[in-house]
Amino acid sequence: MTQLEQMRLALTGAGLEGAWISDPAHIRLLSGFTSGADAKLLLTPGGVTLYTDARYEVQAGEETRLPTFIARPPETLEHAAAQVAGLRLGFEAEHLTVAALDELRGAWPDTTLQPLGPLLRELRMVKTAVEIEAIRDAQTLADQVFAEVRPLIRAGVRELDIAIEIETRLRRAGATVAFDVIVASGPRGAMPHGVASARIIGDGELVTVDMGARLRGYNSDMTRTVAVGEPGEELRRVYRAVLEAEEAAVAAVRPGVRAADLDTLARDLLTGHGLGEAFAHSLGHGIGLNVHEGPGLRKVSEDVLRSGMVITIEPGAYLPGVGGVRIEDLVLVTDEGYEVLSHSEKERL
Ligand SMILES: CSCC[C@H](N)C(=O)N1CCC[C@H]1C(=O)O
């Protein structure tokens, strides 16, 4: 079944007759059109229409086989009005501003608009073979680039220059960065989202590099913390504790496991090393068209792992004024358990 067919089934199950899709990731998923920020997708019992404007006419012709209507609002809404009259239509509350919803209500007075809820999140959590292939290829490229750049991570080099090297190499290979490359050295390692700065890496420091490639619309995500010279014993102890938590959580991945239990497993191990408070974020997340998507690997998550999900396992410990460690693998949930998609070497400190 295609994702569009699955979507139709899910809509029927939710008592909806159609949907007005505005999340660019969902537009891409359901239509193949890659410039979803300037497009909308309308699903009705009569069919599916991609709405975009004249700047994308040629591109839409190349990327989607769906009927396309080239116009800008309000013409698009006027065109859709005849198709949506009298229907119960879903919309993505997370991707429609209050103003845009008001506009829809004004243009379609006879249509009942209601939030889609988690329907598309659910549909996206388990990846198709084509999606897994794209994520795998993105990670293979990220591993290759990390191996090339690894020798540059040394004392006297700016964090920024490492990030630039990573980005340039990904772009040359036909990909882009999935997100701004994180290169957090020394005390900046205490910032989980420490995007590369002009700081010069010092001897005896740990450097956290968190990078992802985006290829064919799909993202990868991996973190390695590397040692420059000989870090002190406290940093090495923290590193070993995070590595232990990471490896234990990865080893516990299999279908049927509650995502929240994986988070607890890693958190309890770090707590045993006195680092529970220092683990300042959730264990991981699903990944695909977006870097962060379902399932959520956190304490309050209701998600249960299923074969075909692609997730990250990324415990960390952050000590303000001192530094930090994060180690992250990209993991495919399989029928048998798991497959680690990230292969970059890890330090053994
Ligand atoms: C801005 S994208 C960050 C990618 C990174 N691998 C990541 O997902 N995280 C780093 C800290 C925790 C986790 C997050 O929740 O953002």
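Counting starts at 1 for both ligands and their atoms, in listed order.
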message: Give the atom numbers and elements of ligand 1 that come within less than 4.0 Å of a heavy atom of Glu328.
response: 6 (N)
field: Side-chain ion pair, Lys127 and Glu293, N-O less than 4.0 Å
entry: yes
- prompt: Any N or O on Thr223 sitting closer than 3.5 Å to an N or O of ligand 1?
  reply: no
message: Give me the atom names and distance for the closest heavy-atom approach of Ile21 to Leu30.
response: CG1-CD1, 4.4 Å
Carboxylate-amine/guanidinium proximity below 4.0 Å for Arg237 and Glu234: yes
query: Under 4.0 Å from any heavy atom of Asp221, which atoms of ligand 1 are there?
result: 4 (C), 5 (C), 6 (N), 8 (O)
- request: Check whether any N or O atom of Tyr318, backbone or side chain, sits under 3.5 Å from an N or O atom of ligand 1, and answer yes or no.
  value: no
message: Check this for me: does any side-chain nitrogen of one of Arg150 and Glu347 sit under 4.0 Å from a carboxylate oxygen of the other?
response: yes
statement: side chain to side chain donor-acceptor pair (under 3.5 Å) with Asp329: of His343, Arg224, Gln139, only one passes, and it is Arg224
Nearest-contact summary for atom 6 (N) of ligand 1 - protein heavy atom, Å: Asp210 OD2, 2.7 Å
Per atom 16 (O) of ligand 1, closest listed option by heavy atom (His193, His281, Met222): His193
- request: List the closest protein heavy-atom neighbour of atom 2 (S) of ligand 1: residue, atom name, distance to the nearest 0.1 Å.
  value: Phe179 CG, 3.7 Å
message: Can you report which non-hydrogen protein atom sits closest to atom 9 (N) of ligand 1, along with the distance?
response: Glu314 OE1, 3.2 Å
message: Considering both backbone and side-chain atoms of His292, is one of its nitrogen or oxygen atoms within less than 3.5 Å of a nitrogen or oxygen in ligand 1?
response: yes
task: Could you establish whether Arg326 and ligand 1 come within less than 4.0 Å of each other, counting only heavy atoms on the residue side?
output: yes
- request: May I ask you to decide whether Asp303 forms a salt bridge with Arg121, counting only side-chain N to carboxylate O separations under 4.0 Å?
  value: yes
query: Is the CD atom of Glu302 crowded by more than 12 outside heavy atoms at less than 6.0 Å?
result: no
